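Structure, as structure tokens:
On a predicted model such as this, the values are computed, not experimentally measured, just so you know.
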Amino acid sequence: MSQEVVTTRAKLAILAAGALTFIGILTETSLTVAFPALITELGKPLSTIQWLTSGYLLTVTFVMSMASFLVQRFRARTLFVFAALACTIGTLVCALAPSFTPLLLGRLLQAVATGISTPLMFHIVFETIPLHKLGTYVGIASMVTSFAPALGPTYGGILTHAMSWRMIFWFILPVVLASLALGIVAIRLPLRRLDKRFDLYGFITLCVLMYSLIEVCDRLGNAKASDYGLWAFVLTAVLCLALFIWHMVHGKQRILDFRLLARPILGLRATNFFLLQFTNIGMSFLIPIFVQNAMHMDALSAGLIVLPGSLVGSLVSPIAGKIYDRKGATLPLVVGNASMLIGALLLWYFTHSLTAVSLMCLYVFVRFGFNCSFGNTMSDAAKHVQAHEKGDINALFNTLQQFAGSLGTAALSAVITHAQIVNPDATSAVRDGGQSDFLLLSVLAACGLICALLAARISGKQQEPTLESIEV
């Protein structure tokens with residue numbers, strides 16, 4: 001990349017895509033705090049209502065898996081306008097939905113918009129920002145994708161408590177329209193069309209694989225040995241995984257280039273990235289449910305408890321990005337993953353004695369660790385690929401990010417559902433299920449820390465990339 005200065009147009013383009021992405025991701029978790037109200041109003045169980053989040057995230061994942069192809073076949077402004085219009089229509093459908101089915105359909109339209117706008121935001125960053133400022137701007141972009149789901153329960157809790165869950169959608173509509181107007185004016189990226197066909201076989205196989213895994217997690221909460229549906233999805237997942245691996249090795253076109261993960265540093269960064277987002281979205285789902293059903297507090301309190309952690313996270317991301325630009329990846333990633341491990345372990349150990357204050361403080365600890373690590377994990381992966389591979393690594397990481405959130409929501413929900421079946425007392429069941437969820441997140445945080453330490457060891461044996469040695 002030749003330019004050394006970030007232009008005003010580039011900043012406005014990032015702002016437009018970032019605003020649309022922020023709104024899309026905000027709605028991922030803003031409805032979580034309204035789940036108890038939705039269960040009552042719509043007459044559906046938690047295992048069904050949670051699809052408003054996990055189904056949303058799964059659709060985002062499907063769309064993101066096509067991101068590398070889309071940005072090479074369509075102009076950035078065209079993609080952005082399509083995403084903004086889909087978000088507008090989906091938001092209106094959700095706000096007016098009389099029952100669960102249209103509400104879910106509206107959420108899926110919003111998911112299509114987010115699946116386009118999120119990788120588009122990072123694409124604009126990678127295409128317009130000079131390398132010596134890449135960590136800072138990726139940190140800012142990552143702040144959008146990490147702060148929005150953390151702020152969601154607060155936003156949703158306040159509106160649900162004060163007015164109605166429908167206001168969650170009415171309030172974001174003006175922002176969507178404003179971002180549409182700004183994007184039309186500011187987004188002007190040249191189209192670098194490559195001779196690349198769409199990998200329909202890989203796309204279908206990957207979608208069926210991911211959907212089957214989500215269904216397996218969802219059904220495990222009610223699992224019985226005679227649940228043939230569960231076993232059918234397990235076999236489908238195994239078969240699709242085998243077919244997808246064969247396709248990655250022998251296919252001429254690839255929807256996502258998972259071969260990049262065969263490089264040790266990229267494999268470790270991708271695994272760490274997946275685990276971080278699993279924990280991030282999982283916590284955003286779990287804590288509001290825990291606060292309302294185990295601690296018997298209202299939606300407003302559930303939202304306010306996560307607010308300090310959200311604010312701390314928003315401050316940490318750009319600072320951690322600057323530390324990465326100056327000191328490299330090891331310090332922020334090791335500190336961040338260790339902080340998340342300690343926070344998750346304390347939440348698990350003190351589950352049955354948690355108060356509003358202690359839960360709030362421990363969540364701040366987790367959010368600090370997450371935002372130290374999240375954006376820098378992706379930034380460092382991008383520095384270990386060639387210029388022509390940046391679109392592939394961007395699409396790959398964004399797809400992993402959304403699938404991790406979808407899988408995290410389904411898995412943690414299944415644990416609570418199982419606890420409710422085993423224990424007839426609703427309060428203690430949610431506490432027991434929550435404690436098991438915190439233990440699961442602690443184990444995953446430990447795996448994330450191991451990934452960060454192994455990557456640090458590998459990086460120490462390699463020559464650090466320099467501005468001259470990387471073609472952008």
Side-chain angles (χ1 to χ4, degrees), residues 1 118-119 121-123 125-127 129-146 256-280 313 316-340 368-401 404 445 447-472:
M1 185 170 301
T118 305
M121 175 181 65
F122 284 101
H123 175 66
V125 170
F126 289 134
E127 288 292 322
I129 302 302
L131 187 64
H132 69 280
K133 292 186 177 180
L134 186 62
T136 300
Y137 276 83
V138 171
I140 294 172
S142 298
M143 181 179 67
V144 171
T145 60
S146 60
L256 292 169
D257 195 355
F258 280 91
R259 296 176 304 170
L260 292 171
L261 303 187
R263 304 175 195 176
I265 188 68
L266 294 181
L268 290 169
R269 292 294 188 232
T271 302
N272 198 179
F273 193 77
F274 183 92
L275 295 174
L276 287 168
Q277 184 67 352
F278 187 106
T279 301
N280 176 42
V316 167
S317 277
I319 296 173
K322 290 182 179 179
I323 294 174
Y324 169 78
D325 285 336
R326 296 175 182 175
K327 302 292 185 180
T330 299
L331 177 61
L333 294 189
V334 171
V335 170
N337 280 278
S339 179
M340 289 192 71
F368 169 82
F370 173 81
N371 287 95
C372 272
S373 309
F374 186 67
N376 290 325
T377 305
M378 188 173 185
S379 295
D380 195 66
K383 283 191 174 181
H384 285 85
V385 297
Q386 299 298 319
H388 67 277
E389 296 173 322
K390 288 190 181 295
D392 291 322
I393 201 70
N394 179 24
L396 185 58
F397 269 63
N398 278 289
T399 301
L400 289 173
Q401 173 188 348
C447 294
L449 179 58
I450 292 172
C451 287
L453 292 172
L454 290 175
R457 183 175 181 181
I458 293 173
S459 296
K461 295 179 179 180
Q462 297 175 346
Q463 181 179 2
E464 288 293 328
T466 63
L467 297 182
E468 294 77 17
S469 65
I470 299 180
E471 179 188 0
V472 179

For L449 against A338, the heavy-atom pair lying closest together: CD1-N, 3.9 Å
Nearest-0.5 Å distance, CG of residue L453 to CG of residue N337: 8.0 Å
Distance in Å, F368 CZ paired with S373 OG, rounded so as to fall on 0.5 Å steps: 9.0 Å
Rounded distance [0.5 Å steps], OG1 in T330 versus CD1 in I323: 13.0 Å
Worked check of side-chain contact (heavy atoms from CB on, under 4.5 Å) between L268 and N272: CA-CA 6 Å; L268 290 169; N272 198 179; over 6 Å; no
Nearest-0.5 Å distance that lies between atom CG in N371 and atom CG in L276: 10.0 Å
Test side-chain contact (heavy atoms from CB on, under 4.5 Å) applied to F122 and M378, step by step: CA-CA 10 Å; F122 284 101; M378 188 173 185; 3.8 Å; yes
Heavy-atom pair of closest approach, residues C447 and L275: CB-CD1, 3.7 Å
Distance-minimising heavy-atom pair for L266 and A381: CD2-O, 3.5 Å
side-chain contact (heavy atoms from CB on, under 4.5 Å) between Q401 and F278, intermediate numbers included: CA-CA 8 Å; Q401 173 188 348; F278 187 106; over 6 Å; no
Gap separating the CZ atom of R269 from the CD1 atom of I458, nearest 0.5 angstrom: 8.5 Å
L400 side, atom CG; T271 side, atom OG1 - distance, nearest 0.5 Å: 8.5 Å
Check: N376 side chain, P332 main-chain N or O, donor-acceptor pair, under 3.5 Å: no
Geometric class of the F370/F374 ring pair [parallel <30°, tilted 30-60°, perpendicular >60°]: parallel
Non-hydrogen side-chain atoms of Q277 and F397 separated by less than 4.5 Å: no
